[in-house]
Amino acid sequence: MLGKKRQGGLFLHCACAGDVIGALQGLCKAAAKMCGRTACTLAPDDVGKACEYQNKRGERKRPGWRDGDSDKYKPSYNKCPQSNSPVLLSLKHFQKDADSSERVLAAMRWGLIPSWFTETDPSKMQYNTSNCRSDTMAEKTLYKSSDEKGSTHGNGSRLLTMAGLFDCWEPPNGGEPLYSYTVITVDASKAMNWIHDRQV
DNA sequence: CCAGACGTTGTT
DNA sequence: GTCTGG
DNA sequence: CCAGACGTTGTT
DNA sequence: GTCTGG
């Protein structure tokens, strides 16, 4: 929606199996890769298939891509920050009258550009916003900003889903609105932190 | 009040 | 936009 | 996240 | 060491 603001809860879908295996084999070094790289190799149509869901009336639905977005997303085994990846979120973010249980796929830039960003070029963003820490995000100005919070939960056969935040930034000198997101990170579980224990 | 910041990860 | 520091 | 750039003077 | 680009 065009309408401004911000920060909806969302679900980013990325097939990360390749990275997970890499982490187990390569241990620490590959594990480190997880926060700044990912894999998302499904063709745009297959992402839709993999994200089928039931709406609140119990109907089985397959989310569609927002206009033009299926072309912005390029499948790769090595997706880096600043590239576009699929984000599954409530249709309500784009259509006010939509049922909030209906979902839609959008291609968004990995690395959140807040709506108040004033440079003309997103690459001028000097802070790393590809991840955001779950334990502090509520206190950070960059992620608090304005209004609503969305909520939903991901589903979908073999995809690894990750929660994130997104925003819509409009270039000061005009041009396409830029949707971008950040992935929420948490401490490693006990089962995994022998591979990688995050610094404080 | 205004000016300035606003972030994460892993040290390869 | 929203918060902090001075 | 990693890889690669980064600078000037005077020709080694 | 620090920044940029991908």
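Note: hydrogens, waters and symmetry copies are ignored here, and every other heavy atom, side chains too, is used. Quick note on labels: first sequence line is chain A, next is B, and so on, each numbered from 1. Treat the numbers as computed from the prediction; the structure is a model and nothing was measured.
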K.L.:
Can you list the residues that meet the side-chain hydrogen bond (donor to acceptor under 3.5 Å, both in side chains) rule with A/Thr129, with sequence neighbours excluded?
P.N.:
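side-chain hydrogen bond (donor to acceptor under 3.5 Å, both in side chains) list for A/Thr129, sorted by chain: empty.
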K.L.:
Strictly under 4.0 angstrom, non-hydrogen atoms only: write out the protein contact profile of nucleotides 1-7 of chain B, one letter per nucleotide from the 5' end, B, S or -.
P.N.:
----SBB
K.L.:
According to side chain to side chain contact (heavy atoms under 4.5 Å, CB included), who are the partners of A/Arg60, at least two apart in sequence or on a separate chain?
P.N.:
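Only A/Glu52 meet the side chain to side chain contact (heavy atoms under 4.5 Å, CB included) criterion with A/Arg60.
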K.L.:
Using atom P of each nucleotide, how far apart are E/dG6 and B/dC6 to the nearest Å?
P.N.:
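Result for the P pair: 26 Å, nearest Å.
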K.L.:
Rounding to an integer number of angstrom, what distance separates D/dT9 and B/dA3 when you compare their C1' atoms?
P.N.:
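Per the computed distance, 42 Å lies between those C1' atoms.
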K.L.:
For A/Tyr77 and E/dG6, what is the distance between atoms OH and P respectively, to the nearest whole Å?
P.N.:
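That distance rounds to 24 Å.
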K.L.:
For atom P, what is the distance between B/dT12 and D/dC1, given to the nearest Å?
P.N.:
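The answer is 12 Å between these two P atoms.
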K.L.:
Check whether any side-chain heavy atom of A/Arg109 lies under 4.5 Å from a side-chain heavy atom of A/Leu178, and answer yes or no.
P.N.:
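With C-beta onward as the side chain, the pair touches.
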K.L.:
Going by the rule side chain to side chain contact (heavy atoms under 4.5 Å, CB included), which residues pair with A/Glu119 if we only count those two or more places apart in sequence or in a different chain?
P.N.:
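Applying side chain to side chain contact (heavy atoms under 4.5 Å, CB included) to A/Glu119 gives A/Phe117, A/Lys124.
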K.L.:
Using the test side chain to side chain contact (heavy atoms under 4.5 Å, CB included), find all partners of A/Lys56 that sit at least two apart in sequence or belong to another chain.
P.N.:
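So A/Lys56 forms a side chain to side chain contact (heavy atoms under 4.5 Å, CB included) with A/Asp99, A/Ser100, A/Ser101.
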K.L.:
With sequence neighbours left out, write down each residue that passes side chain to side chain contact (heavy atoms under 4.5 Å, CB included) with A/Thr136, or none if nothing qualifies.
P.N.:
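Side chain to side chain contact (heavy atoms under 4.5 Å, CB included) check on A/Thr136 returns A/Arg133, A/Lys140.
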K.L.:
If I pick the P atom on C/dG5 and the same atom on B/dG7, what distance separates them, to the nearest angstrom?
P.N.:
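That atom pair is separated by 12 Å.
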K.L.:
Using whole Å, report how far OH of A/Tyr181 lies from P of B/dT8.
P.N.:
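One finds 16 Å between P of B/dT8 and OH of A/Tyr181, rounded.
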K.L.:
Quote, to the nearest angstrom, the C1' distance that separates D/dA5 from B/dT8.
P.N.:
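It comes out at 22 Å once rounded to the nearest Å.
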K.L.:
Give me the stems containing DNA chain B, sorted by first residue, counting only three or more consecutive Watson-Crick or G-U pairs with both distances under 3.5 Å; say none if there aren't any.
P.N.:
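Expected stems, ordered by start: B:1-6 with C:1-6.
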K.L.:
Any non-hydrogen side-chain atom of A/Trp65 less than 4.5 Å from a side-chain atom of A/Pro86?
P.N.:
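Counting from C-beta outward, A/Trp65 and A/Pro86 do come under 4.5 Å.
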K.L.:
Excluding sequence neighbours, so at least two apart, what forms side-chain hydrogen bond (donor to acceptor under 3.5 Å, both in side chains) with A/Asp121?
P.N.:
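Checked A/Asp121 against side-chain hydrogen bond (donor to acceptor under 3.5 Å, both in side chains); matches are A/Ser123.
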K.L.:
Round to the nearest Å and state the distance from A/Trp110 atom CH2 to B/dT9 atom C1'.
P.N.:
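Taking CH2 of A/Trp110 and C1' of B/dT9, I get 12 Å after rounding.
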K.L.:
Whole-Å distance between B/dT9 P and A/Met137 CE?
P.N.:
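Distance, rounded to whole Å: 12 Å.
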K.L.:
Measure the distance from CG on A/Leu165 to P on B/dT8 and round it to the nearest whole Å.
P.N.:
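A/Leu165 atom CG is separated from B/dT8 atom P by 10 Å.
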K.L.:
Which whole-number value in Å describes the distance from A/Glu119 CD to E/dT4 C1'?
P.N.:
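Atom CD in A/Glu119 sits about 15 Å away from atom C1' in E/dT4.
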K.L.:
Considering residues at least two apart in sequence or located in another chain, which fulfil the side-chain hydrogen bond (donor to acceptor under 3.5 Å, both in side chains) criterion with A/Asn84?
P.N.:
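Partners of A/Asn84 under the side-chain hydrogen bond (donor to acceptor under 3.5 Å, both in side chains) test: none.
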K.L.:
How close or far is atom P of E/dG6 from atom NZ of A/Lys74, stated in whole angstroms?
P.N.:
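Rounded to whole Å, this separation is 16 Å.
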